[in-house]
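See below for the structure under consideration.
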Amino acid sequence: MDDKPAHAVLPAHTKAAPPSTVVIFGASGDLTKRLLMPALYNLANDQALDDKFQIIGVDLVKNDDAGYQKYLTDSMNSLIAEGGGEFAATELEEKPWNWLTQRVRYLSGDFGNVGTFNDLKDMIDARTEETGSGNAVFYLAVAPRFFGVVAEQLGAAGLLDETDHGFRRIVVEKPFGTDLASAKALNAQLLKVASEKQIFRIDHFLGKETVQNIMVLRFANGLFEPTWSRDHIDHVEITAAETVGVEKRGRFYEVTGALRDMVPNHMFQLLAMIAMEPPNSFDADAIRTEKAKVIEAIRDLSPEEAVKNAVRGQYTAGMVRGQPVNAYRHEPDVDAHSNTETYVAMKFLIDNWRWSGVPFFVRTGKSMGTRRTEIVVQFKRAPGVLFRHTTGEVEPNMMVFRIQPNEGVSIRFAAKVPGREVQISEVNMDFRYSDYFKSEPSTGYETLIYDVLTGDQTLFQRADNIEAGWKAVQPILDGWARNEGPLEFYEAGSNGPEGSDELLERDDCKWLPLE
Ligand code: BG6
């Protein structure tokens, strides 16, 4: 495409990624439709893909190239008609979309069948012959039970062998295992067929601009870091409150629950960004090493102790944003007596020099009254001696990182109310992304896919990052598996179970209200 794009998601100076074939396993699945194709379209529109770029969709569904291209066009149009989801485009621009779909091929086949992978190899070899580039990315947009199967088949077919003609990379979606043992087993399985440099484990929270911004805020400013420790910080709260329920994912959610779904991955990404030591450089491994170190420093508790620091809840019927919501136990594919948690709140302690004694509280839940993902860093209260006799409390300073919505950062501090008497009030200094930077809506996957194509692993989880996350939550999972720690109930549309507030009260802390 020679014309300038009508809008851009990536920065203007972004160069086209090297020519490559992206093979999507799960070509007819939800992830491909809702996120991967919209992201690839945005990349095409940004001219961030090479002319020799190609997509091969692989799925069991019988289809051919033209049929699959039409399926994709229809899916994109219906996604836009539904409001776009995270995609947020209001129309499909013909030029970039045609550019992209012309480069789409389809292969129908069973993931367990050697023939599928031999056919795939023939297609990629032919392409290498034709273009001189054998670069290929294998994207596992499939149910987790297929991760190992597809990886093994790719290995056996020689599709992961890198040559002078090109790289071979494998992208694995979440959930990466269901506990420490299964995550280790999956890592071992992947590492048998590919090197760590070839494996890109996705955590889509890392594709969010505001998550990446935490690192810039901490390490590109001289102002904050000197206060960033137990000497000045009282506690940290990390919240991911969702208004959506389990939707049509009952089957998946029943065996997963809020903790496995959100904590060892997304919530720990936020915790790691806030708590990690400054890396030696912005190099992928330097950053991932620091992130792994801080998660590894989470205090190891016995299951009995761990469940005392955790609260699990499940939503009952209620109203969310004015709409009636069923109780979790009445959602489709959910057991009427299910004990799966849809909410979890936890306290973690990080046993390192910087954070000793500073509680990190984490909460996440479905069908809550408000949608909000944020990190609150609460500083220690200033000595109030000077203002003992004035009206108004001297509240502790607070820095709030708003991940979504209303992306930005605010800092709370005390100010004098104008007037002859000294009266104190809290004020907020507020930075909003939208006020400063004009950026086009994106799915968050654009950056991640572009990074896979260019080989930048910074925003992907290394094997040790994944295992450290599971290790930190394993005692809670073990305790709950033994039926320790009650399941509390909360009304859909509320702020979660009461036990969550009590958890903080024990440390004399209080969640920042969600309203
Ligand atoms: C996914 C979880 O990984 O993250 C979902 O499986 C959750 O249950 C989602 O809703 C939250 O992501 P986001 O980007 O909507 O905050």
Side-chain angles (χ1 to χ4, degrees), residues 26 29-36 38-39 79 82-88 140-144 147 171-178 183 201-214 238-271 273 312-315 320-321 325 328 331-334 340-344 362-368 370-375 401-407 433 441-449 459-461 466 469-470 473 492 496 514:
D30 210 47
L31 182 77
T32 305
K33 173 177 154 182
R34 304 194 76 83
L35 292 162
L36 302 187
L79 185 65
E82 281 166 26
E86 290 168 70
F87 178 35
L140 274 48
V142 291
F147 290 167
V171 183
V172 190
E173 270 290 336
K174 165 183 169 281
F176 198 96
T178 53
R201 300 175 192 79
I202 286 220
D203 183 313
H204 81 273
F205 262 46
L206 289 175
K208 294 181 195 287
E209 272 295 333
T210 35
V211 174
Q212 293 170 44
N213 187 41
I214 299 172
I238 305 179
T239 297
E242 297 188 271
T243 47
V244 289
V246 293
E247 299 174 305
K248 292 178 199 143
R249 302 161 75 216
R251 194 160 302 142
F252 159 78
Y253 206 80
E254 270 289 85
V255 292
T256 306
L259 193 153
R260 287 186 169 91
D261 190 33
M262 295 290 289
V263 180
N265 32 64
H266 305 329
M267 304 303 278
F268 279 178
Q269 286 303 330
L270 302 182
L271 187 144
M273 290 283 193
R312 51 174 164 164
Q314 188 189 82
Y315 62 85
V320 175
R321 292 179 164 166
V325 167
Y328 173 70
E331 297 277 23
D333 299 320
V334 169
T340 298
E341 81 287 355
T342 60
Y343 177 100
V344 62
V362 169
R363 64 174 162 173
T364 180
K366 298 241 176 242
S367 288
M368 295 177 66
T370 314
R371 172 176 176 251
R372 192 177 310 166
T373 304
E374 69 185 10
I375 305 172
F401 296 76
R402 290 187 307 272
I403 311 296
Q404 61 192 23
N406 306 326
E407 288 81 350
Y433 258 83
S442 73
T443 67
Y445 271 74
E446 290 80 0
T447 314
L448 297 175
I449 295 175
L459 301 179
F460 297 85
Q461 302 249 68
I466 297 264
W470 282 115
V473 297
L514 281 173

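Atoms within each ligand, like the ligands themselves, are counted from 1 in listed order.
Partners of Arg363 under the salt bridge (charged side-chain N to carboxylate O under 4.0 Å, His left out) rule, at least two apart in sequence or in another chain, do not exist in this structure. Residues forming a side-chain contact (heavy atoms from CB on, under 4.5 Å) with Leu459 (at least two apart in sequence, or on another chain): Leu206, Gln212, Thr447, Leu448, Asp451. Residues passing the salt bridge (charged side-chain N to carboxylate O under 4.0 Å, His left out) test with Glu374 are Arg372, sequence neighbours excluded.
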Given the rule in the salt bridge (charged side-chain N to carboxylate O under 4.0 Å, His left out) test, do Glu82 and Arg34 qualify, once you have shown the distances and angles that lead to the verdict?
-> CA-CA 11 Å; Glu82 281 166 26; Arg34 304 194 76 83; 3.6 Å; yes
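By the 4.0 Å N-to-carboxylate-O rule, Asp333 lies too far from Lys248 to be salt-bridged with it.
Ordered by chain and residue number, the residues placing a heavy atom less than 4.0 Å from ligand 1 are Lys174, His204, Phe205, Lys208, Glu242, Arg249, Asp261, Met262, His266, Lys366, Gln404.
Taking the six-membered ring where the residue is Trp, Tyr315 and Tyr328 present perpendicular rings, their angle passing 60° and hence far from 30°.
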